Amino acid sequence: MSIRRKWATFWRTVVGRAYPRVIGMNREKSWMIFDVFLPLLQVGAYVFIYRAIGAPPEFTGFVILGGAMTAYWMNVLWSMASQLYWEKETGNLQLYLIAPTSRMAILLGMALGGMFSTTLRAAGVVLVGSVVFRVPLAVAHVPAFLGVFLLTLVALYGLGMLLASLFLLWGRQAWHLANLFQEPIFLASGFYFPVRALGFAVAVAASVVPITLGLDAMRQLLYPQMMEGLRFLPVSYELGGLAVLAVGFIALAWKALRFFEDLARREGRLTLRGQ
Amino acid sequence: MSGIEKMKAQNSLRARGSSPLFVRGRWLRATETWRSLRVAAWLGWQIESNWTDPFLFAIYSVVKPVAGALILVFMYLVVARGGLGNPLFPFVFVGNAVYIYVGAVLMGLSWAVIDDREHYGMLKYMYAAPLNVYAYLVGRGVAQTAVATVSAGITLLVGVGLLGVRITPATVNWGLLVLSLALGLGMMACLGILLGGASLLLAWHNFRLGEAVAGSLYFLSGVVFPLDVLPQGVQMLSRALPTTYWLEAMRRALLGSGGNATLAGFCDLGILGILGLCALGALVVSVAFFRWAEGLARRRGLLDMQTMH
């Protein structure tokens with residue numbers, strides 16, 4: 001197969017796998033209400049905790065931003081990391097494996113489709129949350145904010161692609177581990193409070209999840225004065241860290257996918273359902 | 001006694017449920033209910049726990065709720081003056097720990113219906129077998145409750161041991177604790193079955209139902225903040241929810257005070273009375289609703305519906 005044809009197949013696969021994410025996730029309009037309304041309940045509860053203890057209004061903004069990023073983390077866990085497990089359970093995985101295309105293209109398509117659908121939901125959380133709770137949202141440096149946000153997403157979905165490869169081996173563990181990676185990550189990455197509160201060493205360790213650095217940088221760009229004494233690292237360092245994570249995760253995902261697919265094939269786990 | 005009189009006497013006995021056939025039928029139903037409950041509890045436990053070794057399962061059961069509680073601790077530490085000594089902290093911590101039951105039982109029971117129907121494809125076989133599906137679902141809830149008890153217990157122990165939440169055996173109101181826990185768990189099991197009944201009829205939204213209800217209760221019942229900080233209209237809605245009274249009772253039993261000024265007018269007995277009424281109401285409504293939902297699901301052919309897998 002010529003290089004040109006290989007690339008054409010690659011991109012067709014990416015578009016083909018992203019399509020059901022974009023169309024499917026938005027086909028049932030009422031899901032959107034659930035996707036915006038459910039995170040807002042948690043966000044609302046945390047906003048009222050901050051209000052009850054007399055926190056400055058910027059903390060409400062911290063919570064809303066964290067709540068919006070929750071949508072991305074949940075999407076990475078349930079629709080990226082666990083996706084190949086679901087495909088195995090529904091009998092689609094073998095179809096992926098016999099298709100004459102790159103598995104990375106399938107993962108990339110899942111990531112791009114997931115990013116688009118989740119962005120609609122996250123935007124809904126920020127919009128509704130900022131109106132309901134009257135949060136000041138004024139970005140001083142829009143290009144820097146957008147740069148941090150996009151780099152966070154690339155690194156995050158790179159991690160999702162890596163986790164998808166790892167989860168390929170697992171059965172029901174995949175479901176439970178995705179479940180386990182919720183609250184502990186919300187805690188370690190500082191979804192609802194500045195991560196510096198956990199101490200420098202823990203924040204460094206938690207930076208393996210790109211949302212840790214991304215959220216801290218976005219909070220610094222949104223509320224520079226409030227974050228003066230609460231920031232983890234300067235924004236430029238965090239941008240550098242995110243770039244390293246993005247490249248590292250995508251490269252690792254590529255290697256891991258080959259390795260774990262081969263291992264799963266040898267151990268007969270690719271078609272084993274209901275483990 | 002004439003033949004006619006004998007026949008009348010026998011009919012009267014039968015009508016009172018004392019005929020050997022009737023008694024045997026009732027006995028069979030009782031054993032069937034007990035067996036359904038017992039086996040479902042065992043099955044629920046296997047589904048919950050046998051995906052890994054006991055050590056990893058223990059870590060899994062503990063890490064998640066403790067991390068959830070620590071989020072609140074750090075939110076508190078970042079802002080609150082006086083650190084964890086602030087009187088609001090035990091209120092928040094205990095509310096969050098006992099809410100583990102609400103999430104586990106409500107979401108667990110509605111998810112059991114979806115899992116059995118759509119993932120394992122077993123629901124139709126249950127209806128073809130001599131078992132009581134209502135009791136079966138209660139049994140599935142027993143396993144969820146057992147895991148939730150461990151999680152809530154360990155979260156509270158972390159609070160007492162490491163974070164200075166003052167709960168001592170001498171200060172706990174044990175009577176109130178046991179009664180409110182029993183009434184609350186019974187009520188939540190009934191609400192869970194109500195959601196299970198609704199899940200039988202729903203296609204696209206069933207997997208979100210438990211999450212939506214549990215999330216709404218988390219916010220509206222004042223799990224992690226006093227109801228007094230809510231707007232007046234929302235407070236009225238909160239006062240109409242049984243979980244609000246359950247959390248108040250649990251806090252009073254463990255901490256000595258419910259912490260909600262809006263419920264301060266109720267004495268402990270009054271709160272227990274409301275809980276008892278709610279539990280009774282939930283039982284009646286859940287049995288009636290589940291039977292209705294089952295009938296409708298049979299008529300519409302929804303018992304083996306596949307919408308997700």
Side-chain angles (χ1 to χ4, degrees), chain A residues 27-28 30-31 33-35 37-56 59 62-63 66 86 89-92 170-177 179-199 202 230 273-275, chain B residues 47-52 56-57 59-61 63-82 86 88-89 91-92 95-96 119-121 203-205 207-209 211-212 214-230 234 306 308-309:
Chain A
R27 179 172 287 165
E28 179 62 48
S30 57
W31 281 357
I33 298 169
F34 277 101
D35 286 337
F37 168 74
L38 287 181
L40 269 179
L41 290 171
Q42 179 96 8
V43 164
Y46 288 167
V47 165
F48 280 110
I49 296 181
Y50 275 137
R51 287 191 180 168
I53 54 181
F59 277 79
F62 291 177
V63 170
W86 293 126
E89 287 291 302
T90 51
N92 279 338
W170 290 328
R172 281 186 298 147
Q173 297 100 313
W175 196 92
H176 288 285
L177 284 168
N179 212 6
L180 183 63
F181 286 159
Q182 291 178 184
E183 283 82 358
I185 297 296
F186 296 158
L187 168 70
S189 295
F191 273 69
Y192 300 107
F193 57 86
V195 72
R196 192 181 142 158
L198 294 169
V202 177
L230 297 171
R273 293 172 64 187
Q275 287 167 276
Chain B
I47 291 175
E48 287 298 312
S49 65
N50 78 358
W51 55 275
T52 186
L56 194 62
F57 178 69
I59 292 176
Y60 170 83
S61 306
V63 166
K64 221 172 123 70
V66 169
L70 287 180
I71 290 174
L72 301 173
V73 170
F74 281 100
M75 284 174 69
Y76 222 83
L77 283 174
V78 172
V79 178
R81 291 183 191 92
N86 191 310
L88 200 57
F89 180 68
F91 170 95
V92 171
N96 187 64
H119 188 191
Y120 299 115
W204 296 101
H205 302 96
F207 64 104
R208 292 284 171 84
L209 187 66
E211 208 182 329
S216 304
L217 292 177
Y218 185 78
F219 179 74
L220 291 170
S221 304
V223 174
V224 287
F225 54 83
L227 295 176
D228 316 292
V229 299
L230 285 173
V234 185
Q306 289 284 319
M308 292 160 65
H309 291 276

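Numbers restart at 1 for each chain; the letters A, B, ... are given by sequence-line order, proteins then strands. Computed from a predicted model, the values in this text were never measured in an experiment. Only this structure's heavy atoms are used, side chains among them; waters, hydrogens and symmetry mates stay out.
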- [ ] Let me know if B/L70 has heavy atoms under 4.5 Å from chain A in its side chain, its backbone, both or neither.
- [x] both
Open item on the list: Nearest 0.5 Å, please: how far is CH2 in A/W86 from NE2 in B/H119?
Closed with: 7.0 Å
- [ ] State the OG-CG distance between B/S216 and A/L38, to the nearest 0.5 angstrom.
- [x] 7.5 Å
TODO: For B/F74, check ring pair (Phe, Tyr, Trp, His ring centres under 6.0 Å) against everything at least two apart and list the hits.
DONE: A/F193
Task: Over all atoms of both residues, closest heavy-atom pair of A/L41 and B/A212 - done: CD1-O, 4.1 Å
- [ ] Output the option from A/E183, A/Q182, A/R196, A/H176 having the highest count of non-hydrogen pairs under 4.5 Å with chain B.
- [x] A/H176
Open item on the list: Suppose a student defines contact as a heavy atom less than 4.5 Å from any heavy atom of chain A. Which residues in residues 220-228 of chain B would they list?
Closed with: B/V224, B/F225, B/P226
- [ ] Select one option (side chain, backbone, both, neither) describing which atoms of A/L40 are under 4.5 Å from chain B's heavy atoms.
- [x] neither
Task: Interface moiety of A/N92 toward chain B, non-hydrogen atoms closer than 4.5 Å - done: neither
Distance-only donor-acceptor hits, side chain of residues 43-54 of chain A, under 3.5 Å, sequence neighbours excluded:
from, atom 1, to, atom 2, distance (Å)
A/Y46, OH, A/Q42, NE2, 2.8
A/Y50, OH, A/Y192, O, 2.7
A/R51, NH2, A/F133, O, 2.9

- [ ] Can you see which heavy atom on A/P194 is nearest to which on B/V78, and at what distance?
- [x] CD-CG1, 4.1 Å
Open item on the list: Please classify the contact of A/F59 with chain B as side chain, backbone, both or neither, using a heavy-atom distance under 4.5 Å.
Closed with: side chain
Task: All side-chain hydrogen bond (donor to acceptor under 3.5 Å, both in side chains) counterparts of B/Y218, not counting sequence neighbours - done: none
Open item on the list: Please classify the contact between B/I59 and chain A as side chain, backbone, both or neither, with a heavy-atom cut-off of under 4.5 Å.
Closed with: neither
